[in-house]
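Take a look at the structure set out below.
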Number of protein chains: 2
Amino acid sequence: MTTAIPSDTHGRLLQATTRLMWERSFQAVSVDDLCARAEAKKGSFYHFFPSKIDLAIAAIENSWEQTRRGVFEPIFGDGSSGLAQLQRLIDMIDEYQSYLATEKGAYLGCPFGNLGQEMARQDDRIRVTLQKIFDAHCGYLEAALTRAEQAGEIQAGNNRERAKKIFALLEGAFLMGKVANDPQVFRSIAPAVMLIAASE
Amino acid sequence: MTTAIPSDTHGRLLQATTRLMWERSFQAVSVDDLCARAEAKKGSFYHFFPSKIDLAIAAIENSWEQTRRGVFEPIFGDGSSGLAQLQRLIDMIDEYQSYLATEKGAYLGCPFGNLGQEMARQDDRIRVTLQKIFDAHCGYLEAALTRAEQAGEIQAGNNRERAKKIFALLEGAFLMGKVANDPQVFRSIAPAVMLIAASE
DNA sequence: TGCGCAATTGACCGACCGGTCAACTTGTTG
DNA sequence: CAACAAGTTGACCGGTCGGTCAATTGCGCA
């Protein structure tokens, strides 16, 4: 029986990719950049991953899984009301993005949205991977809406569609924040989430 | 007195850049690609534009100006009610994107949003240029909301903030459509524009 | 006619891109 | 201990990247 723990280099490569792709972009980051940040040599890179694109896919899957477990499960798995859960997600996003903005000197936006905008038309595997992540994200929003609906917080409606609209609003807010390079933008747009939640 | 008409090559370079950046992305398109599409030689390229980034900026400014005159002015300058104008914009976007999707075999999304997501963090001149375009776009939305408000279609409110929220929703819908590679996504999300317009 | 300048051409450049590879080290297992 | 696989290393590769340039062409104007 061997250890199921992947090599440290493997993990550092994933983390470096997640970070650098977030701070810059997929195409703006070279394999050499990735290796330098992960303190790995190119040979190691290609020992673990067949291509740069494969690493990117592995990195976003890994990143989403971490976010899911570390953020989404805690927020949407607790006993709060549906609307309170939504508000908590918004607050956490805002808080973390603002923190990153002060630390990195720029508003970074959503790592998945960023990559989608950049690569969806150029690599179908990346596109499909992101589609699954978007679906999963919307799933959590929908669950919160259903919870809110059952508690009488909002009127009955198509929560799947509402979730998609909320997700679109958030992604658009990320983009605008990035182009304005200002965390305040997200903050001023996000309240409209509640509008959509409360819609018929 | 010399002709104010810029060389044909200059114009073809702008158009080729607009098109190719929309179909693929800024970084995925090389200067050679641009020249090939514009039927120009590299020397001509650098005769007219000091760098690839300068061409990109000129191309989006030109593209926005054309869109503004060809789409926004006609829609928002006519005598329709504010809400009717908004609806007409949505319909026209949907129609054109669907047409492009069938022609190109893929949902392309918003050329300005695409470029912003990709380049805002890497080139500040591109970022600022897009910021101005976003502002101008929101300006039209705001004007329509004000018109709707004055006609009693919607209740009084902060139309500048409403416009930003609507713009965010639309940009998010573009992104989701691109990642799903499905024009239907925009169609199902866009109605929420009216929700935001009618909000207090 | 001939001058002057914008436009055009294609050859050229160094840097960097993603990716390969054979040799070497290290840790595990019988 | 030997054997083997997993991981590591750095030199190397062809291709393409954005960008340069000197020479040439063609056009408006005196």
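The analysis underlying the following values was restricted to heavy atoms, covering all of them including side chains, and did not include hydrogens, waters or symmetry mates.
Atom CG in Asp54(B) sits roughly 16 Å away from atom C1' in dT20(D) (whole-Å rounding). The CG-P distance, from Asp33(A) to dA15(C), rounds to 17 Å in whole Å. Distance CG (Leu34(A)) to P (dC17(C)): 11 Å, rounded to an integer number of Å. The CG atom of Asp32(A) sits 16 Å away from the P atom of dC12(D) (whole-angstrom rounding). Atoms CZ (Arg12(B)) and C1' (dT8(C)) sit 11 Å apart, rounded to a whole Å. One atom, CZ of Phe45(B), and another, C1' of dC17(D), lie 12 Å apart when rounded to the nearest Å. In this entry the distance linking CD1 of Ile53(A) with C1' of dC17(C) reads 14 Å, nearest Å. Nucleotide dA22(C) holds its P atom 17 Å from the NZ atom of Lys42(A), rounded to whole Å.
Using a 4.0 Å cut-off, no side-chain N or O of Lys41(A) falls inside it from OP1 or OP2 of dT8(D). An OP1 or OP2 oxygen of dG19(D) is reached within less than 4.0 angstrom by a side-chain nitrogen or oxygen of Tyr46(B). Between Ser51(A) and dG18(C) there is no side-chain N or O to OP1 or OP2 distance below 4.0 Å. The phosphate of dC17(C) has OP1 or OP2 within less than 4.0 Å of a side-chain N or O from Ser30(A). Here His47(B) reaches the OP1 or OP2 of dA7(C): one of its side-chain N or O atoms lies under 4.0 Å away.
Toward the 5′ end of DNA chain C lies the nearest nucleotide of Ser44(B), the other residue of the pair Ser44(A) and Ser44(B) mapping further downstream. Looking at which nucleotide of DNA chain C each of Phe26(A) and Gly43(A) is closest to, the 5′-most match is held by Phe26(A).
Asp32(A) and Ser30(A) share no donor-acceptor pair across their side chains, judged by distance under 3.5 Å alone.
More than 12 heavy atoms of other shown residues, nucleotides or ligands fall within 6.0 angstrom of atom CD in Gln155(A).
A salt bridge is absent between Lys165(B) and Glu161(B): the closest approach of a Lys/Arg side-chain nitrogen to an acidic carboxylate oxygen does not fall below 4.0 angstrom. Salt-bridge check for Lys132(A) with Asp135(A): failed, with every basic side-chain N at 4.0 Å or more from each acidic carboxylate O.
Contact of Lys52(A) with dG19(C) (side chain to base): no donor-acceptor pair of N or O atoms is detected under 3.5 Å.
Between Trp22(A) and Tyr96(A), the ring planes lie tilted relative to each other; the angle falls in the 30° to 60° range.
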